[in-house]
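Input: a single structure, listed below in structure tokens.
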Amino acid sequence: MSTPPFEPRCADFADRVRDSFARQGAMQTLGASLGLVASGAVDIELPWALGLTQQHGFLHAGMVATALDSACGYAGFTLMAADAAVLTIEFKINLLAPAKGERFRMEGRVLKPGRTITVCEGRAFAIDGRQEKLIATMGCTLMAVTGRDNIQG
């Protein structure tokens with residue numbers, strides 16, 4: 001997925017993403033890590049783990065959705081103002097194939113940034129050796145949240 005050239009509003013956006021990601025218990029539970037962090041684009045990677053599977057041994061769709069939502073959220077966060085935090089307000093996921101692989105990569109890409117609302121798209125890939133397979137897509141809408149003491153970057 002190509003990344004449109006967006007100008008970030010905050011010079012230290014990559015550090016902000018890494019700091020926020022490190023505080024996310026959900027991503028720690030999944031064993032996820034950050035890959036690419038660029039203006040308008042974030043990749044999250046995670047290994048297959050038995051505790052994240054459904055009854056057939058595939059990565060559970062809820063785990064795919066969780067990691068893909070975070071990838072989109074952080075992609076949008078890269079373009080938000082320094083005083084903003086990010087929250088998802090809507091997403092739709094299309095599950096295209098069973099999530100069968102040794103590891104997975106979730107790509108979040110900004111389609112349209114805005115001061116308050118940002119629209120992103122995501123793609124999830126299952127990786128076996130050198131083979132990658134598209135397993136899910138996501139449309140995601142985000143909100144920049146400011147002025148709330150309990151919601152910080």
(Q) Going by the rule salt bridge (Lys or Arg N to Asp or Glu O under 4.0 Å), which residues pair with R105 if we only count those two or more places apart in sequence or in a different chain? (A)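 Residues passing salt bridge (Lys or Arg N to Asp or Glu O under 4.0 Å) with R105: D43, E107, E132.
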Run the side-chain donor-acceptor check on residues 86-100: report pairs under 3.5 Å with partners two or more places apart or on a different chain.
unit_1	atom_1	unit_2	atom_2	d
T88	OG1	D69	OD1	2.6
E90	OE1	T141	OG1	2.9
K92	NZ	N94	OD1	2.6
N94	ND2	T137	OG1	3.4

From CA spacing to verdict: side chain to side chain contact (heavy atoms under 4.5 Å, CB included), L59, F104:
CA-CA 9 Å; L59 188 66; F104 303 88; 3.7 Å; yes
* To do: Walk me through it: do R9 and R115 pass the test side chain to side chain contact (heavy atoms under 4.5 Å, CB included)?
  => CA-CA 10 Å; R9 295 180 190 168; R115 187 179 71 242; 4.0 Å; yes
Is [Y] reachable from [X] through a run of I, L, V, M, F, W or Y residues, each pair having side-chain heavy atoms under 4.5 Å apart?
| X | Y | answer |
| --- | --- | --- |
| F58 | M63 | no |
| I127 | L50 | no |
| L34 | L46 | yes |

Item checked: Trace of the side chain to side chain contact (heavy atoms under 4.5 Å, CB included) decision for L79 with S39 -> CA-CA 6 Å; L79 300 176; S39 178; 3.2 Å; yes
Write down the atom of [X], the atom of [Y], and the distance for their closest heavy-atom approach.
| X | Y | value |
| --- | --- | --- |
| A41 | R109 | CB-CD, 3.5 Å |
| T78 | F13 | O-CB, 3.4 Å |
| F6 | P113 | CE2-CD, 3.4 Å |
| V110 | T118 | CG1-CG2, 3.9 Å |
| G76 | L142 | CA-CD1, 3.7 Å |
| M80 | R16 | O-NH1, 3.6 Å |

* Asked: How are the rings of Y74 and F77 set to each other: parallel, tilted or perpendicular (split at 30° and 60°)?
  ->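 Plane angle over 60°, so perpendicular.
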Using 0.5 Å steps for rounding, measure from the [atom1] atom of [X] to the [atom2] atom of [Y].
| X | Y | atom1 | atom2 | answer |
| --- | --- | --- | --- | --- |
| T116 | M143 | OG1 | CE | 8.0 Å |
| C120 | L68 | SG | CG | 10.5 Å |
| R123 | C72 | CZ | SG | 11.0 Å |

For [X], side chain to side chain contact (heavy atoms under 4.5 Å, CB included) partners two or more places apart:
| X | answer |
| --- | --- |
| A71 | I44, M106 |
| A49 | L52 |
| D128 | E102 |
| T29 | none |

Worked check of side chain to side chain contact (heavy atoms under 4.5 Å, CB included) between M27 and F21: CA-CA 7 Å; M27 292 299 100; F21 187 86; 3.4 Å; yes
Checklist entry - With no hydrogens and no angle check, is any side-chain donor or acceptor of Q54 less than 3.5 Å from a backbone partner on G57? => result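 Flag set: sc Q54 to bb G57 pair under 3.5 Å.
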